[in-house]
2 protein chains.
Amino acid sequence: MAAHVKELTNPDRSAENLGDSAYRQMKERIIRGVYRPGHKLTVRAVAQELDVSTTPARDAINRLASEAALVYAGPKTVVVPVLDAGALKEITLIRLALEGLAAQQAGEHVVDDDVEALRLLQKQINSALDVGRYADALWHNKEFHFAIYRLSKLPHLVLMIETLWLRIGPSLHNLYPEFAKERFGVHNHEVAMEALQERDGASVRAAIENDIRDGYRRLKRACREKAALPAS
Amino acid sequence: MAAHVKELTNPDRSAENLGDSAYRQMKERIIRGVYRPGHKLTVRAVAQELDVSTTPARDAINRLASEAALVYAGPKTVVVPVLDAGALKEITLIRLALEGLAAQQAGEHVVDDDVEALRLLQKQINSALDVGRYADALWHNKEFHFAIYRLSKLPHLVLMIETLWLRIGPSLHNLYPEFAKERFGVHNHEVAMEALQERDGASVRAAIENDIRDGYRRLKRACREKAALPAS
DNA sequence: TTTACATTTTTGTTGCAACAAAAATATCAA
DNA sequence: TTGATATTTTTGTTGCAACAAAAATGTAAA
């Protein structure tokens, strides 16, 4: 139950209860794209999958639902969200506001070592794209973004951004690899790193906002081409 | 358990489970300032207070904690948050980003009737201030702000803003009535309404941002004068 | 084949008791 | 009085069974 406060400081997984553990594992699965949009989740199924009783499983599902990482399709049915055009647009607007803020603040706190770490992450993205491991590319892309956002030194902001990524994660994976093949964001990432090097918060924000907008456009196009069909 | 999805549409309270009900009641109490910053909440105490068993009480507390409306003071102790200067500053930054966005979008969807409704709300704020009912003034102030934010037609955004108000609510009430006596925000509210009348989103945003910044300055000053002492 | 209805199964909810761990309290030495 | 230590009490967690409600399935009529 103390997972939230722990996320604000250090991921101390030693004294974690089963509900926290279930929540973390389900979150990981959702972000990794294990469940497709529309997938139905039941308390007993999750309990069996994670080998815990119904109580922690219910805790995890409730918490994910309250964060809108899962949504209600009926009074007794929670599913992985299927984003429609309106919801995608709204989340993008919020992402621009929050991730733009985090990017700008990152420019105020960044040191050279941070930029070096980011260059390493970008290399991992590029390598993954080279060999066609798109799921890995997506994962490293997430790490790159959050490495920047954490530089803002605004932990509450980072957590709020995480919930947004949790909402779009499944739809993102559902559109892969068509979406990733275009080498998304490589240019924007380079610009962001240069701006960070120069401690230019406004330019970091602009680069991240561009990245988000590019992703939004590609996602919308991919949605039109391959209408996101709910998994049975 | 379906409270979240219901909040996105209509407050249909007919088919609501005990966990939702407990969550809603506790939220109301926190916003209304029933509990002071530092107040400790236990599962059994909440259960008794709301006349339900421990399960729904635990649900409500867990959910509020995951939204940071309650925080952990120890592995087994959740308390109403005591905001320090750093947290207040961070939340204000996030509020500026999100409420600024909502205010701007409100300018795109507002109709004349909406402005009329806002004028009524402002009159209620003024009346409450006139007769010294500061808690009521605070409540109507909240209604005024959210009436604007709802005009954005971005329900997810409105919910995220609500969680932010939930975090600062207790500290706000703790500093009353010193804080309210200054007739906060009256001017900013007038400007916001004029801008809405003219469908000028950018100016609505500016007015709301000013209101938030003014509130932040007053809150910080009030904090210095009367150091927020945790209730025993 | 489709639609409407009845039946069966699945599912979330709720309360509770036992347990372990943490917090509060009492005790005592310095 | 203060500080550390031992004791007692409080507290969150976990699993589970019973229940009601919803979802899935089956059935039959058009």
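Order of the sequence lines fixes the chain letters, A, B, ..., with proteins taken first and strands second; residue numbering starts at 1 for each chain. Being a predicted model, the structure only gives us computed values, none of them experimental.
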Which pairs, with at least one residue in residues 73-89 of chain A and sequence neighbours excluded, count as a side chain to side chain donor-acceptor pair (under 3.5 Å)? none
Any salt bridge (Lys or Arg N to Asp or Glu O under 4.0 Å) pairs touching residues 136-147 of chain B, not counting sequence neighbours? B:R133-B:D136
Which side-chain N or O atoms in residues 93-100 of chain B pair as donor and acceptor under 3.5 Å with protein atoms at least two apart or in another chain?
{"residue": "B:R95", "atom": "NE", "partner": "B:E99", "partner atom": "OE2", "Å": "2.6"}
{"residue": "B:R95", "atom": "NH2", "partner": "B:E99", "partner atom": "OE1", "Å": "3.2"}
{"residue": "B:E99", "atom": "OE1", "partner": "B:Y149", "partner atom": "OH", "Å": "2.5"}
{"residue": "B:E99", "atom": "OE2", "partner": "B:W165", "partner atom": "NE1", "Å": "3.0"}

Residue list, side chain to side chain contact (heavy atoms under 4.5 Å, CB included) with A:A147, at least two apart or on another chain: A:L118, A:L121, A:R150
Round to the nearest Å and state the distance from B:L41 atom CG to D:dT10 atom P. 18 Å
Can you tell me the distance, in whole Å, between the NZ atom of A:K40 and the C1' atom of C:dT10? 7 Å
Extract all donor-acceptor atom pairs below 3.5 Å that involve side chains of residues 44-57 of chain A and protein atoms in other chains or at least two apart in sequence.
{"residue": "A:E49", "atom": "OE2", "partner": "A:R29", "partner atom": "NH1", "Å": "2.6"}
{"residue": "A:E49", "atom": "OE2", "partner": "A:Y35", "partner atom": "OH", "Å": "2.9"}
{"residue": "A:S53", "atom": "OG", "partner": "A:T55", "partner atom": "N", "Å": "3.3"}

Annotated protein contacts, base or backbone, on nucleotides 14-20 of chain D with a non-hydrogen cut-off under 4.0 Å, one of B, S, - each: BBB---B
